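To start, the structure itself, in structure tokens.
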Amino acid sequence: MAKTNKPKYMNISKTGFTAMFWLCGTLLAFGQRIDLKDLSAFKNPSNSWSLAQNVIADLNAENVLRTTKGEGILVNQSTAKKAGSDLYTINEYGDVVVELDYLTAKGTNSGIYLQGNYEIQIDDAWGIRNPSSSNNGGIYQRWDDSKPEAEKGFGGVAPRQNASKAPGLWQHIKIIFQAPQFDATGKKTKNAKIISAELNGVLIHENVELFGATRGAAGAEKAKGPLRLQGDHGSVAFRNIQITEISEMARPNQNGGADPIYIEAASNNMIRSFVDVAPGVRSVHAISVGGPEKVAFSYDLDNGTLLQGWHGDFIDATPMWDGRGNGTSRALGSVTRFTKKPVLAISKLANDQASWVTDTAGTGFRTKGYVMDKQDRPEFKYMINGTNVTDAVKVMENGQGLSREITVDKPSKDLYFLLATASNIEEAGKGLYLIDDKAYYIQLGEGTAKPVVRNVDGKWEIIAPIGSKLNYSILF
């Protein structure tokens with residue numbers, strides 16, 4: 001049973017669920033990872049499809065992808081003047097798991113067609129609060145031209161929540177698909193089904209029966225068909241394409257588990273809890289903040305560190321409140337992690353190449369909690385190196401990310417701010433940086449000093465002098 005001493009200011013929903021499990025030993029029959037050293041896995045690819053080593057979207061221009069020659073990334077360049085075409089695998093599949101990464105250009109869309117006939121939509125749905133079936137991750141509509149105009153499209157299924165990321169960032173989707181079945185005469189005896197679809201780690205569909213092919217289907221429904229990637233609606237890129245045929249479908253596990261306890265954020269909401277940052281790494285003094293924009297974040301009060309941000313629903317408090325609980329909460333949306341370990345956000349450095357101070361010892365660090373602004377959002381306060389710091393992290397009104405403003409009461413030229421630590425950092429435009437293999441963007445605000453991008457022991461850091469004020473946005 002869940003504890004009853006839940007804070008009154010939180011909106012809490014408790015709902016049952018059915019867990020799914022796989023019949024081990026009979027699941028995998030054949031797995032294929034498409035080797036993107038060439039296009040030999042595909043049937044007659046048009047010249048709109050090519051391979052690249054790197055690809056970067058332009059956040060200020062629609063349908064623009066810049067590529068670097070090479071291999072490993074499948075790119076489609078399609079424009080209104082020169083539309084591309086769809087791409088089909090040579091191999092055909094029945095029951096299958098499809099797992100891949102993709103990124104879109106700004107304002108464009110594509111689609112993943114199971115068996116060439118059932119479309120999971122891909123589009124730039126960045127910041128949309130209430131997605132439809134035609135938005136990213138949606139199961140596209142069926143179509144009937146004989147019906148009145150307003151009724152031609154029907155049967156589409158919207159994703160449970162918008163787990164989409166910004167254009168130019170890699171997104172990951174995993175689809176478990178059950179093919180339709182037919183008898184010896186060719187009559188369909190069982191409809192196709194999306195057993196599950198996960199977008200950026202969030203379950204967006206579960207056990208959705210497909211009563212027919214979606215609009216733009218390649219042909220009649222059949223027991224096997226190719227994987228099809230839409231290429232005539234805008235520029236898009238794919239990588240890490242894994243296709244695994246399966247011989248046994250998932251079935252319900254009736255044993256279930258604890259009913260989940262969800263915290264909503266229809267209005268501004270906060271929760272204090274432990275937050276697991278990475279395996280074996282836990283922030284024990286964290287606060288998570290969410291609101292109606294469907295964007296939230298977690299903040300470490302012991303270091304002034306922004307831990308993570310996410311699009312979608314707010315908090316799963318089950319591990320914190322069910323039974324004895326362990327004090328942790330989990331994000332319900334698509335999480336973008338900003339650090340693998342809470343470290344001090346501010347350091348006093350002799351120069352911009354000096355080692356970052358990772359421990360509070362000797363810094364005089366002391367948290368002062370937070371104050372609420374006029375919009376009922378927290379502004380975090382702490383002291384470090386004799387300086388009072390205000391860290392104002394705000395959800396952007398357009399739902400596209402977070403803005404952050406750091407102010408200090410005693411400006412000093414040797415105070416630096418750690419913007420990010422990552423496996424790689426790419427400059428994507430003036431004041432715009434791609435962080436950690438296109439996981440998120442950092443956009444520097446006007447007046448912010450030019451940052452220093454440096455390599456420390458094989459890892460990249462981006463730091464900037466604070467002056468009296470530093471402001472930037474995190475787009476994800």
Side-chain angles (χ1 to χ4, degrees), residues 54 56-60 66 68 165-170 297 299-300 303-309 336-359 363 365 379-380 382 384-385 387 389-394 396 400-476:
N54 194 17
I56 294 178
D58 189 332
L59 279 184
N60 298 311
R66 303 195 308 270
T68 302
K165 302 190 78 170
L169 300 182
W170 286 115
F297 65 90
Y299 186 94
D300 179 80
N303 293 277
T305 303
L306 195 55
L307 300 173
Q308 60 187 12
T336 298
R337 300 201 184 278
F338 304 135
T339 184
K340 294 180 180 178
K341 182 180 180 181
V343 295
L344 284 174
I346 293 176
S347 281
K348 190 173 185 177
L349 304 180
N351 56 65
D352 61 20
Q353 296 301 314
S355 298
W356 196 257
V357 179
T358 58
D359 192 279
T363 67
F365 182 92
E379 293 184 351
F380 305 101
Y382 57 89
I384 188 169
N385 295 310
T387 300
V389 179
T390 298
D391 188 352
V393 182
K394 310 290 183 184
M396 298 170 67
Q400 294 180 342
L402 305 169
S403 65
R404 192 176 190 184
E405 183 175 87
I406 309 295
T407 55
V408 297
D409 68 343
K410 296 178 182 178
S412 173
K413 65 180 182 180
D414 54 5
L415 280 182
Y416 287 80
F417 190 83
L418 180 63
L419 294 161
T421 300
S423 59
N424 68 328
I425 297 172
E426 302 173 81
E427 190 166 1
K430 185 178 180 181
L432 182 67
Y433 297 84
L434 279 161
I435 309 298
D436 220 10
D437 192 23
K438 299 180 177 63
Y440 62 98
Y441 294 95
I442 283 178
Q443 174 73 72
L444 298 179
E446 291 186 11
T448 297
K450 183 175 177 62
V452 175
V453 178
R454 61 189 199 169
N455 189 288
V456 180
D457 298 327
K459 292 185 178 181
W460 290 93
E461 294 178 346
I462 178 170
I463 66 173
I466 297 172
S468 60
K469 181 184 295 185
L470 180 150
N471 64 83
Y472 69 102
S473 298
I474 304 174
L475 310 176
F476 55 93

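Since the model is a prediction, treat every value here as computed from it, not as a measurement. The first residue of the sequence shown is numbered 1, and numbering continues consecutively from there.
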Return the minimal non-hydrogen interatomic distance between [X] and [Y], and the atom names on each side.
X      : Y      : value
Leu434 : Gly168 : CD2-O, 4.2 Å
Asn424 : Trp460 : CA-CD1, 3.8 Å
Tyr382 : Gly304 : CE2-CA, 3.9 Å
Ser468 : Pro411 : CB-CG, 3.7 Å
Ala422 : Ile425 : CB-CG1, 4.1 Å
Tyr433 : Pro451 : OH-CG, 3.5 Å

Between [X] and [Y], is any pair of side-chain heavy atoms under 4.5 Å apart?
X      : Y      : result
Leu169 : Thr336 : no
Leu402 : Leu306 : yes
Val456 : Ser355 : no
Ile346 : Tyr416 : no
Thr339 : Leu418 : no

task: Please list, chain by chain and in numerical order, all residues satisfying salt bridge (Lys or Arg N to Asp or Glu O under 4.0 Å) with Glu379, sequence neighbours excluded.
output: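 Testing Glu379 for salt bridge (Lys or Arg N to Asp or Glu O under 4.0 Å), a comparison that skips the adjacent residues, returns Lys394.
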
field: Asp436-Ser423 side chain donor-acceptor pair, cut-off 3.5 Å
entry: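 The criterion, which ignores hydrogens and geometry beyond distance, is satisfied for Ser423 and Asp436.
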
- prompt: Under the 3.5 angstrom rule, does the side chain of Arg454 hit a backbone N or O of Asp352 as a donor-acceptor pair?
  reply: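 A pair under 3.5 Å: yes.
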
Asn351 side chain to Gln353 backbone, donor-acceptor under 3.5 Å: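 Judged by distance alone, yes, a pair lies under 3.5 Å.
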
Let me confirm one number: the [atom1]-[atom2] distance from [X] to [Y], rounded to the nearest 0.5 Å.
X      : Y      : atom1 : atom2 : value
Leu470 : Leu444 : CG    : CG    : 7.5 Å
Ile466 : Thr448 : CD1   : OG1   : 11.0 Å
Leu344 : Thr305 : CG    : OG1   : 7.0 Å
Lys165 : Trp170 : NZ    : CH2   : 12.0 Å
Ile435 : Ile462 : CD1   : CD1   : 5.0 Å
Gln308 : Ile474 : CD    : CD1   : 12.0 Å

field: Mutual orientation of the aromatic rings belonging to Phe476 and Phe338 [parallel < 30°, tilted 30-60°, perpendicular > 60°]
entry: perpendicular

Under the side-chain hydrogen bond (donor to acceptor under 3.5 Å, both in side chains) test, residues paired with [X] that sit two or more places apart:
X      : value
Ser347 : Trp356
Arg404 : Asp391, Tyr472
Gln400 : Asn398

field: Non-neighbouring partners of Phe297 that pass ring pair (Phe, Tyr, Trp, His ring centres under 6.0 Å), sequence neighbours left out
entry: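 Residues passing ring pair (Phe, Tyr, Trp, His ring centres under 6.0 Å) with Phe297: none at all.
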
task: Scan for salt bridge (Lys or Arg N to Asp or Glu O under 4.0 Å) pairs involving residues 407-427, sequence neighbours excluded, and state none if there are none.
output: Glu426-Lys438

